[in-house]
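So the structure is just underneath, and the comments pick up after that.
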Protein chains: 2
Amino acid sequence: MNSQVKEIFEGFLAEKGLKMTRQRQLILDIFLKKEGHLSPEELYLLVRAKAPAVGRATVYRVLKLLKEAGLAHEVDFGEGVLRYEHKYGHAHHDHLICMRCGRTREVVDEAIEQLQQKLADRYGYSLTSHRMDLYGLCPACRRKAEKAGPPQAGVDISARL
Amino acid sequence: MNSQVKEIFEGFLAEKGLKMTRQRQLILDIFLKKEGHLSPEELYLLVRAKAPAVGRATVYRVLKLLKEAGLAHEVDFGEGVLRYEHKYGHAHHDHLICMRCGRTREVVDEAIEQLQQKLADRYGYSLTSHRMDLYGLCPACRRKAEKAGPPQAGVDISARL
DNA sequence: TTGCTTGCAAAGGATTTGCAACATG
DNA sequence: CATGTTGCAAATCCTTTGCAAGCAA
């Protein structure tokens, strides 16, 4: 399983005349073990716990390589940090993000995927990828929010204009 | 038209005990005149052309206020800069982004909007907003790309895992 | 060996903030 | 007038880079 991914990474490195190093092995290992969306800093802390000498820059560099190799997917939830998730056992998916607790849930809706394709076709675009993030309140936070009184919703002027 | 938006902004400021200033007027004016997705720097340059004394920081501060007031929408295409578009005459829309020339086209698909709502419902989420960006090649770039030979597609390992 | 890599610190780029002078209500 | 506001520069934050020393092939 992991060895499969490692082989792919080694192949990628070899093709580019790059080398497999202890650091790259370790960082990839730790990255693959974690599910979810990891920031470079979070990954760095995990790595440092195992190998205190590894530098932040190396983690950034490896993440970039993994992205290039197609092994990691970069996402940006607008927090000011990029996040990465490995593709092992992770097919494409969209996100349902709770604006209160910040937790994200991965979802896929085939019907939407097809309509996206159609939409692109309609405008003559060839679609290569997409991102869809739905923001709202998760069931748990919804309940809490109701108790705390109605949320002071962000002003939406669209109706007024 | 613009005056309507200005009134809203003034109302927003008043409610918060903030003041309407020359700079805020000017920045809002210029912001409203421009269609499309403006970065703070771009807006700053436009503003500076009219009022050289205005500082970058003020532009950033006003954009943040406009966002809070619900008059500006913040988007992030992953370029390392945030972009803002005013909501005047701009209902909600998604983006079709060309990965070659970078141009974006605004689209809306009612069927997709409805399915997004359903998708959220299915998981018990109350949806407040979403972002959907479709990446691909626009018709023009598609033609150019064909002449230049097949694109060396990014490795997609998902099938192999 | 010959490069590619690494860790460190410095550099970068975007955005924010502290502050004294300055407007606004 | 009491406060909020501004422009500037310095400070932050995340990320990238230059470089000398250290490894992999």
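Every heavy atom of this structure was used, including side-chain atoms; hydrogens, water molecules and symmetry mates were not. Everything numeric here is computed off the predicted structure, so don't read it as measured data. So you know, we letter chains A, B, ... as the sequences are listed, proteins then strands, and number each from 1.
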State whether the distance check finds a donor on one side and an acceptor on the other, under 3.5 Å, for side chain A:Arg61 versus base C:dG7. yes

Can you tell me if the side-chain N/O atoms of B:Lys64 get under 4.0 Å from OP1 or OP2 in C:dT16? yes

Interatomic distance where CG belongs to A:Leu26 and C1' belongs to C:dT5 [whole Å]: 15 Å

Whole-Å distance separating the OH atom of B:Tyr44 from the P atom of C:dT16: 16 Å

Base of D:dT3, side chain of B:Lys19 - is there a donor-acceptor contact under 3.5 Å? yes

For the pair B:His95 and B:His93, name the ring-plane relationship: parallel under 30°, tilted 30 to 60°, perpendicular over 60°. perpendicular

Looking at D:dG7, I'd like to know if its phosphate oxygens (OP1 or OP2) sit under 4.0 Å from a side-chain N or O belonging to B:Gln23. yes

Measuring from the side chain of B:Ala57 (C-beta onward, heavy atoms only), which nucleotide among D:dC8, C:dA23, D:dT15 has the closest atom? D:dC8

note: B:Leu65, atom CG; C:dT16, atom P; distance rounded to Å ~ 11 Å

N/O (side chain, A:Tyr60) to phosphate O (OP1/OP2, D:dT16) under 4.0 Å: no

Whole-Å gap separating C1' (C:dT2) and CG (A:Leu18): 15 Å

Taking CG from B:Leu63 and P from C:dT16, how many angstroms apart are they, rounded to a whole number? 10 Å

By nearest heavy atom, map B:Leu82 and B:Met20 onto DNA chain C; which one lands nearer the 5' end? B:Leu82

Electrostatic pair B:Asp109:A:Arg122 at N-O distance under 4.0 angstrom: yes

To the nearest angstrom, how far is B:Arg83 atom CZ from C:dA14 atom P? 11 Å

Quick one: do A:Lys6 and A:Asp29 make a salt bridge, cutoff under 4.0 Å? yes

I want to check one thing: is the phosphate of D:dA24, taken as OP1 and OP2, less than 4.0 Å away from some side-chain N or O of A:Arg24? no

If you look only at pairs with a residue in residues 36-54 of chain A, which of them pass as a salt bridge (charged side-chain N to carboxylate O under 4.0 Å, His left out), with sequence neighbours excluded? A:Glu41-A:Arg56, A:Glu42-A:Arg83

Euclidean distance, atom CD of residue B:Glu42 to atom P of C:dT15 [Å, nearest integer]: 11 Å

Interatomic distance where CG belongs to B:Leu43 and C1' belongs to C:dA14 [whole Å]: 15 Å

OP1 or OP2 of D:dT5 sitting under 4.0 Å from any side-chain N/O of B:Thr58? no

With ring centroids as reference points, do B:His86 and B:His73 lie under 6.0 angstrom apart? no

Phosphate OP1/OP2 of D:dT6 contacted by B:Thr21 side-chain N/O (<4.0 Å): yes

